[in-house]
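This report refers to the structure that appears directly beneath it.
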Amino acid sequence: MAGGGNNEVKLLGFWPSPYVLRARLALSIKGISYEYVEEDLESKSELLLTSNPVQKAVPVLIHDGKPVCESSIILQYIDEILAGVGPSLLPEDPHDRAMARFWASYINDKLVKALNQTWGGKTEEEKAEGKKQAAGAVETLEGALKECSKGKPFFGGDSAGYVDIMLGGLLAWAEVREVVKGVKTFDPAKTPLLAMWSENFGALDAVKVVMPDIGKLVEYAMVMQPHGAAAAAAAVAAAAATN
């Protein structure tokens with residue numbers, strides 16, 4: 001582990017998962033070394049099943065033999081238990097910290113659900129409604145970025161923090177969405193602050209080293225079935241089986 005200490009850190013994951021990517025981003029930004037264990041979700045390991053017996057899902061962070069589940073909780077755990085290692089992910093000010101948690105929850109409750117609906121809606125009407133809701137959520141986050149960043153590059157200010165990682169975990173699939181569906185999630189013409197944010201976040205060295213290859217992710221989305229939309233929906237559904 002960077003920053004000293006002999007604590008063992010292990011992450012159970014599934015490479016296409018945006019939720020696993022969140023955990024990897026946090027560990028990378030904090031500069032924490034860890035062992036990554038790739039899971040086969042069709043044949044889950046005994047370690048995964050015993051570490052997360054309730055959800056049986058990734059990501060799972062195992063720290064000194066103790067499991068921590070769900071991406072948002074893992075991020076907060078990393079920041080709290082390893083407060084002296086790397087940059088802080090959550091703000092020091094209690095109100096700013098509460099707002100960061102609010103916007104992180106909004107990303108999960110509104111944006112993620114809407115994006116999943118654009119891929120996996122049962123009808124074209126459902127997919128169109130998901131697209132509409134996703135656009136509305138992104139516009140709301142544009143305002144949140146303006147408020148939280150105070151003119152700086154990230155939700156966390158000068159450096160990427162908790163909200164940046166929660167949203168940044170979705171960037172790879174946002175690029176897949178553009179390739180497969182021709183839809184920009186962060187359109188410079190509609191949400192210029194978020195478009196610039198996505199460029200700034202993606203340019204960070206700590207982000208580059210853990211971001212999945214977009215070409216490989218597109219192939220994963222397309223391989224499920226011979227037709228693009230159905231394949232993408234199936235792929236997203238598989239990735240969304242994590243948390």
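Below, all heavy atoms of this structure are taken into account, side chains as well, without hydrogens, waters or symmetry copies.
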For this session: Could you walk me through whether Thr185 and Glu178 pass the side-chain hydrogen bond (donor to acceptor under 3.5 Å, both in side chains) test, one step at a time?
Result: CA-CA 7 Å; Thr185 303; Glu178 183 174 355; over 6 Å; no
Problem set entry | Cluster overlap Val183 with Val179, hydrophobic side-chain contacts below 4.5 Å | no
Exercise. Can you say whether the rings of Phe201 and Trp197 are parallel (under 30°), tilted (30 to 60°) or perpendicular (over 60°)?
Worked result: parallel
Exercise. Under a 4.5 Å side-chain heavy-atom rule over Ile, Leu, Val, Met, Phe, Trp and Tyr, are Leu49 and Val37 clustered together?
Worked result: no
Problem set entry | Arg177 CZ to Trp119 CH2 distance, which is reported to the nearest 0.5 Å | 8.0 Å
For this session: Dump the intermediate steps for side chain to side chain contact (heavy atoms under 4.5 Å, CB included) on Ser51 and Ile62, then the final yes or no.
Result: CA-CA 8 Å; Ser51 298; Ile62 302 175; 3.6 Å; yes
Exercise. Are Lys216 and Glu219 within salt-bridge range, i.e. N to O under 4.0 Å?
Worked result: no
Exercise. Are the side chain of Ser28 and the backbone of Ala206 linked by a donor-acceptor contact shorter than 3.5 Å?
Worked result: yes
Problem set entry | Spacing of Arg22 atom CZ and Ile107 atom CD1 [to the nearest 0.5 Å] | 7.0 Å
Problem set entry | Gap between atom CD of Glu38 and atom CG of Leu12 - 0.5 Å precision | 10.0 Å
For this session: To the nearest 0.5 Å, tell me how far Phe186 CZ sits from Leu145 CG.
Result: 10.0 Å
Exercise. Lys56 and Leu48: side chain to side chain contact (heavy atoms under 4.5 Å, CB included), yes or no, with the steps?
Worked result: CA-CA 7 Å; Lys56 300 178 177 63; Leu48 173 58; 5.7 Å; no
Seminar exercise, completed: Rounded to the nearest 0.5 Å, the CD1 atom of Ile32 sits from the CG atom of Leu11 at a distance of 11.0 Å
Exercise. Which value, rounded to the nearest 0.5 Å, describes the distance between Leu141 atom CG and Glu147 atom CD?
Worked result: 11.5 Å
For this session: With side chain to side chain contact (heavy atoms under 4.5 Å, CB included) as the test, would you mind laying out the steps for Lys208 and Asp205 before giving the verdict?
Result: CA-CA 5 Å; Lys208 290 178 181 178; Asp205 290 338; 4.2 Å; yes
For this session: Indicate yes or no for a side-chain donor-acceptor contact from Lys30 to the backbone of Val85 under 3.5 Å, with no hydrogens or angles considered.
Result: yes
For this session: Evaluate the criterion side-chain hydrogen bond (donor to acceptor under 3.5 Å, both in side chains) for residue pair Tyr34 and Arg24; output intermediate values, then yes/no.
Result: CA-CA 9 Å; Tyr34 63 98; Arg24 300 197 73 176; 3.0 Å; yes
Exercise. Which pair of heavy atoms, one from Leu115 and one from Ala134, lies closest together, and at what distance?
Worked result: CD2-CB, 3.9 Å
